[in-house]
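Take a look at the structure below.
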Number of protein chains: 2
Amino acid sequence: MKKDKQGCDTQTCMVCRLCMKEWLPAVEAGSQHFTYRKGQELFKEGDAVEGIFFIYKGSVKVHKHWDGEKELIIRFAKKGDIVGHRGIGTEAVYPVTATALEQVTVCYFDITFWEASLKVNHQLLYELMLFYARELQESERKMRNLAHMPVKGRIAQALLSLEKKFGRNENGFIDFALSRQDLASYIGATYETTFRMLQEMIQEHLIVMSGKEIAVADETKLLRLCELPANK
Amino acid sequence: MKKDKQGCDTQTCMVCRLCMKEWLPAVEAGSQHFTYRKGQELFKEGDAVEGIFFIYKGSVKVHKHWDGEKELIIRFAKKGDIVGHRGIGTEAVYPVTATALEQVTVCYFDITFWEASLKVNHQLLYELMLFYARELQESERKMRNLAHMPVKGRIAQALLSLEKKFGRNENGFIDFALSRQDLASYIGATYETTFRMLQEMIQEHLIVMSGKEIAVADETKLLRLCELPANK
DNA sequence: TCAGGTGTATGATCTATATCATAAATTTAA
DNA sequence: TTAAATTTATGATATAGATCATACACCTGA
């Protein structure tokens with residue numbers, strides 16, 4: 001992690017967008033900027049919560065672990081997204097790890113400053129509450145999928161939501177490069193199973209792959225997979 | 001559902017506990033009381049969100065469905081708990097169903113009144129935000145468990161957290177009667193598998209069962225199951 | 001007091017997915 | 001520019017847990 005002295009554009013992250021204009025100088029004073037190399041951790045499951053991060057550039061994965069090696073990716077965060085908010089509340093430690101997937105720049109707020117902001121800025125607090133509510137819905141939907149939807153359906157679901165979040169690049173591929181292993185961890189399956197399912201989905205013309213890149217080829221059929229078990 | 005004219009004690013639920021005293025008359029005016037028989041739904045996945053519920057008496061299950069029959073119980077709520085807050089935020093429909101597990105009395109707030117309260121009452125909003133944050137942590141922990149923890153571990157986890165939430169009755173059993181089917185839906189497994197695992201756990205003296213009632217017999221070993229795969 | 005639903009109990013399969021093993025290809029670091 | 005490490009690729013095998021089938025116990029209301 002490298003400390004970065006240059007300030008932010010006070011436009012990208014939620015704090016800047018939502019707080020009253022009068023609060024902006026305080027935000028600038030209370031924030032720090034850091035950069036991380038690919039693979040570096042912004043914080044780790046179990047670390048004491050010291051602050052909250054806003055992604056300013058690049059993308060990170062937020063993940064949990066069990067029994068050493070087994071990983072589950074909770075979420076991918078990109079420019080403008082909050083990371084580290086899961087640490088707020090009951091416990092004083094992060095329940096997740098955040099790892100840079102590429103070169104990442106963040107805007108960081110000390111937890112004390114952050115909580116003070118929430119006390120002062122009602123609008124910010126309200127937006128944050130809504131954000132948590134949406135995250136909760138999303139999390140519970142994923143939980144149900146994990147429990148009942150077969151792997152192929154979960155992949156379909158994941159690809160559709162990744163496309164929605166990251167958009168497409170000029171060639172129509174999802175504008176987000178993730179490894180097969182990360183996709184597997186994201187849907188809660190092993191690399192091998194995920195790989196085989198992707199192959200099947202190519203055969204069935206549901207998706208197109210070119211190297212690391214993936215494109216949705218038949219949205220309707222993918223959506224159907226999200227609603228019904230694979231067979232019929 | 002039956003409308004109930006008697007007021008609440010303005011003590012049980014979060015709104016009453018947290019709002020300023022000056023706001024209490026408004027709360028009383030804005031709330032309604034309903035009762036439900038066992039099995040009745042307070043609201044259903046897909047229903048338009050019209051209000052928020054606080055359990056005043058009895059317990060409910062909050063559950064999601066997939067492909068018709070397959071159920072996943074997200075959470076059990078008891079006296080004092082909020083239900084229906086998942087509807088707030090992005091979409092105008094409840095993402096879950098809430099069903100009474102026994103005779104239930106609720107304190108109900110119209111969504112308009114609720115949102116007005118949040119705008120006015122900063123402390124309430126702050127507590128609600130913290131509540132969402134805790135729920136999110138819990139949900140993501142359960143999600144990881146669903147992805148990586150074997151059924152037996154998930155049962156261990158579930159029993160420990162149910163014991164924590166509902167306490168023990170005079171005989172040492174978890175003070176909450178739930179059917180095996182509901183336990184199965186709660187941990188995201190089938191009834192049969194859950195049943196067999198419970199039998200094994202009795203053999204291993206991890207738990208004790210008497211009819212519907214379940215008691216934790218060896219907390220240490222149960223905790224171990226939550227940390228490591230079943231074998232070693 | 002009977003009947004039909006709901007929950008409990010248990011055995012016999014089946015199968016989706018994990019695990020193990022191995023190798024080529026690609027990326028990263030040195 | 002080579003070596004090490006990671007990622008991709010694919011087959012063989014194992015297994016946890018689902019599915020199917022059947023029966024009995026026990027509420028609950030008619």
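So you know, we letter chains A, B, ... as the sequences are listed, proteins then strands, and number each from 1. If you're wondering where the values come from, they're calculated on a predicted model, not measured in any experiment.
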Could you check how far [atom1] of [X] sits from [atom2] of [N], rounded to whole Å?
X: B:Q203; N: C:dA9; atom1: CD; atom2: P; value: 13 Å
X: B:E200; N: D:dG17; atom1: CD; atom2: P; value: 10 Å
X: A:I155; N: C:dA16; atom1: CD1; atom2: C1'; value: 13 Å
X: B:Q199; N: C:dG11; atom1: CD; atom2: C1'; value: 13 Å
X: A:L101; N: D:dT6; atom1: CG; atom2: P; value: 16 Å
X: A:Q181; N: C:dA18; atom1: CD; atom2: P; value: 11 Å
X: A:I202; N: D:dT8; atom1: CD1; atom2: P; value: 13 Å

Bend angle of the helix from C:dT1-D:dA30 to C:dA30-D:dT1, end axes from five pairs each (to 10°):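 Axis-to-axis angle, ends of the helix: 60°.
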Show me the protein contacts with nucleotides 27-30 of chain C, counting only N or O atoms at under 3.5 Å.
{"unit_1": "C:dT28", "atom_1": "OP1", "unit_2": "A:K38", "atom_2": "NZ", "d": "3.4"}

Pairs where residues 170-195 of chain A contributes a residue and the test salt bridge (charged side-chain N to carboxylate O under 4.0 Å, His left out) is met, not counting sequence neighbours: A:K61-A:D182
B:K221 side chain vs B:E204 backbone, donor-acceptor pair below 3.5 Å: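 No; zero donor-acceptor contacts below 3.5 Å.
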Whether A:K142 side chain and A:Y186 backbone form a donor-acceptor pair below 3.5 Å: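 Yes.
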Spacing of CZ belonging to A:R141 relative to CD belonging to A:Q157, to within rounding of 0.5 Å: 4.0 Å
Modelled atom types, side-chain donor and acceptor of A:E213 and A:N171, under 3.5 Å: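 Checked: A:E213/A:N171 side chains show no N/O donor-acceptor pair below 3.5 Å.
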B:E135 with B:R75: basic N within carboxylate O range, under 4.0 Å: yes
Ionic contact status for B:E140 with A:K64, cut-off 4.0 Å: no
Closest listed nucleotide, where the reference is the side chain of B:R180 and the choices are C:dA9, D:dT7, D:dA9: C:dA9
Toward the 5' end of DNA chain D, by each residue's nearest nucleotide, A:Y191 or B:M197: A:Y191
Pair B:Y132 and A:F131, ring centroids less than 6.0 Å apart: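 Judged by ring-centre distance (under 6.0 Å), B:Y132 and A:F131 do not meet the cut-off.
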Side chain to side chain donor-acceptor pair (under 3.5 Å) involving B:H63 - partner list, sequence neighbours excluded: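 Counting only residues at least two positions away or on another chain, B:H63 forms a side chain to side chain donor-acceptor pair (under 3.5 Å) with B:H65, B:E71, B:T99.
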Derivation of the side chain to side chain donor-acceptor pair (under 3.5 Å) call for B:E102 and B:S59: CA-CA 6 Å; B:E102 54 192 318; B:S59 57; 2.6 Å; yes
Listed partners of A:F173 passing ring pair (Phe, Tyr, Trp, His ring centres under 6.0 Å), at least two apart: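 For A:F173 there are no ring pair (Phe, Tyr, Trp, His ring centres under 6.0 Å) partners, ignoring immediate neighbours.
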Might you list the N or O atoms of the protein lying below 3.5 Å from N or O atoms in nucleotides 18-20 of chain D, with each pair's distance?
{"unit_1": "D:dA18", "atom_1": "OP2", "unit_2": "B:T190", "atom_2": "N", "d": "3.4"}
{"unit_1": "D:dA18", "atom_1": "OP2", "unit_2": "B:T190", "atom_2": "OG1", "d": "2.9"}
{"unit_1": "D:dA18", "atom_1": "OP2", "unit_2": "B:T193", "atom_2": "OG1", "d": "2.6"}
{"unit_1": "D:dT19", "atom_1": "OP1", "unit_2": "B:K70", "atom_2": "NZ", "d": "3.1"}
{"unit_1": "D:dT19", "atom_1": "O4", "unit_2": "B:R196", "atom_2": "NH2", "d": "3.3"}
{"unit_1": "D:dC20", "atom_1": "N4", "unit_2": "B:E192", "atom_2": "OE2", "d": "3.0"}

